[in-house]
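Below: one structure, written as structure tokens.
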2 protein chains.
Amino acid sequence: MRIGELSARTGASRRSLRYYEEQGLLVSSRSPSGQRHYEDEHVQRVRLVQAFLAAGMSSGTIVEMVPCMTEPSEDRARQALEIMGRERARLSEAIDGLAAARAALDHLIEDNHAYLTRSADDEA
Amino acid sequence: MRIGELSARTGASRRSLRYYEEQGLLVSSRSPSGQRHYEDEHVQRVRLVQAFLAAGMSSGTIVEMVPCMTEPSEDRARQALEIMGRERARLSEAIDGLAAARAALDHLIEDNHAYLTRSADDEA
DNA sequence: CTAAAAGCTCACATTGATGTCAGGGGCAAG
DNA sequence: CTTGCCCCTGACATCAATGTGAGCTTTTAG
């Protein structure tokens, strides 16, 4: 498939897909005229990249964890494991932070609700 | 307390504290010479703002939810409730997204571990 | 063949919280 | 008084992913 279809299937803009490639997150074969061509498996690749970007990872971090343009090697693998461990911890902390923010929000919602309820009582 | 102490207590930089005030997220009384003075309760306020910012909310959103410079009113309260509901949903989705990313990461970690284990076996 | 639709590269703009620097007061202790 | 430390405002810089537009080529459909 070409870039438009990959974009449609993943929701990533054409611009973003070219950017991913520029950052080494995605590879493409090129037709003689220079157009990018992708296989079905690249859909999953893009989804993975999207998930990690949405999780607040930088493209540099992702490329260190899940390279697609470098040879696999034990050294790389070990380094990747270390980074993945750090990112995993970061994600867990982020999740906790979001949960705490949600709890705070719930508290505020309750307060606000109580305030409106009281106002309604005043009217009655 | 003055801005330096509030900064030390919350971890927010002086720059950020001034920015919060500029955005209507924080109030301060001023000494005759123009220096900001805060009360103990402002520490909690800053922590709330930090939690919400870290949760990906914009300062504009926060100020609509938890204003500190506008009169409370029922209309505001109702609007705030609506926004809070939206933000709560967004947070829940974000949490799910992070959890999914973490799960994907766990999968990759396992793969990587298996790869290294196999390499070690090769050596043996 | 021709026109529309899709691709390509290059380059500049945007967003939002924060960093940083400049130039100038304020205030306490020696 | 002066030295040192904190504060003030205002302006410009940063980062990272993405948007956008120009100018040009390729592919596809009628």
Side-chain angles (χ1 to χ4, degrees), chain A residues 1-39 42 45-66 68 83 87 90 94 97-98 101, chain B residues 1-39 42 45-66 68 83 87 90 94 97-98 101:
Chain A
M1 80 194 81
R2 288 183 296 168
I3 199 173
E5 188 178 344
L6 185 60
S7 169
R9 284 203 197 169
T10 61
S13 69
R14 298 162 179 75
R15 174 70 173 87
S16 293
L17 294 176
R18 296 193 190 103
Y19 176 73
Y20 297 163
E21 181 172 328
E22 187 186 319
Q23 300 297 305
L25 296 172
L26 183 62
V27 280
S28 65
S29 55
R30 298 296 188 106
S31 76
S33 63
Q35 298 203 344
R36 292 169 176 84
H37 282 262
Y38 303 95
E39 304 306 316
H42 288 106
R45 174 75 191 187
V46 171
R47 289 204 220 282
L48 182 68
V49 169
Q50 286 179 307
F52 283 169
L53 283 176
M57 298 180 191
S58 72
S59 50
T61 299
I62 301 175
V63 89
E64 287 183 294
M65 295 190 315
V66 228
C68 70
I83 296 176
E87 286 304 307
R90 204 187 52 76
L98 289 194
Chain B
M1 80 193 79
R2 287 182 298 170
I3 200 173
E5 189 178 344
L6 185 60
S7 169
R9 283 202 198 170
T10 61
S13 68
R14 297 164 180 75
R15 175 68 174 89
S16 294
L17 294 175
R18 295 193 191 103
Y19 177 73
Y20 298 163
E21 181 171 329
E22 187 186 321
Q23 300 297 306
L25 296 172
L26 183 63
V27 281
S28 65
S29 55
R30 299 295 189 107
S31 76
S33 62
Q35 300 202 341
R36 292 169 177 84
H37 283 261
Y38 303 95
E39 304 306 316
H42 288 107
R45 174 75 189 184
V46 171
R47 288 204 220 282
L48 182 68
V49 169
Q50 285 179 309
F52 283 169
L53 283 178
M57 298 180 192
S58 72
S59 51
T61 299
I62 301 175
V63 88
E64 286 183 296
M65 294 190 316
V66 228
C68 70
I83 296 177
E87 286 305 307
R90 202 187 55 74
L98 290 194

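Sequence lines set the chain letters: A, B, ... in the order given, protein chains first and strands last, and positions in each chain run from 1.
- Looking at which nucleotide of DNA chain D each of Ser33(A) and Ser58(A) is closest to, the 5′-most match is held by Ser58(A).
- Rounded to whole angstrom, the span from the CD1 atom of Ile62(B) across to the P atom of dA17(C) amounts to 8 Å.
- Phosphate contact (OP1/OP2 of dG16(C), side-chain N/O of Ser59(B), threshold under 4.0 Å): absent.
- Atom pair Tyr38(B):OH and dC6(D):P shows a separation of 16 Å (rounding to whole Å applied).
- The interatomic distance linking Met57(A) (CE) with dA17(D) (P) rounds to 13 Å, in whole Å.
- Residues from residues 4-12 of chain A lying near DNA chain D, meaning a heavy-atom separation below 4.0 Å, are absent.
- Thr61(B) contributes atom OG1, which lies 7.0 Å from atom CD1 of Ile83(B) (distance to the nearest 0.5 angstrom).
- Residue Gln35(A) is the one, among Tyr19(B) and Gln35(A), whose nearest nucleotide of DNA chain C lies closer to the 5' end (criterion: closest heavy atom).
- Contact annotation: Ser16(A) side-chain N/O to dT18(D) OP1/OP2 distance is under 4.0 Å.
- The number of heavy atoms from other shown groups lying within 6.0 Å of CD (Glu5(B)) is above 12.
- Among the candidates Glu39(B), Arg2(B), Arg18(B), Glu21(B), the single residue satisfying the side-chain hydrogen bond (donor to acceptor under 3.5 Å, both in side chains) test with Ser28(B) is Glu21(B).
- Here the side chains of Glu87(B) and Met65(B) are in contact, with some heavy-atom distance below 4.5 Å.
- How far CG of Leu6(B) is from OG of Ser16(B): 11.0 Å, rounded to the nearest 0.5 Å.
- The distance from atom CD1 of Ile3(A) to atom CG of Leu17(A), rounded to the nearest 0.5 Å, is 5.0 Å.
- Each of Ile3(B) and Arg15(B) has a nearest nucleotide on DNA chain D; the 5'-most of these lies closest to Ile3(B).
- At the phosphate of dC8(C), OP1 or OP2 sits under 4.0 Å from a side-chain N or O atom of Arg18(A).
- Screening residues 5-38 of chain A for ring-ring contact (aromatic ring centres under 6.0 Å, His included), with sequence neighbours left out, gives Tyr38(A)-His42(A).
- Annotation: the span from Gln23(A) atom CD to Leu26(A) atom CG amounts to 11.5 Å, rounded to 0.5 Å.
- Using a 4.5 Å heavy-atom cutoff, the side chains of Val66(B) and Arg45(B) are in contact.
- At whole-Å resolution of the value, CZ in Arg14(B) and P in dC6(D) are 7 Å apart.
- In this structure, of dT18(D), dC8(C), dT9(D), it is dC8(C) that holds the atom nearest to the side chain of Arg36(A).
- Looking at residues 20-32 of chain A, you'll see Tyr20(A) sit with a heavy atom under 4.0 Å from some atom of DNA chain D.
- Toward the 5′ end of DNA chain C lies the nearest nucleotide of Leu53(B), the other residue of the pair Arg2(B) and Leu53(B) mapping further downstream.
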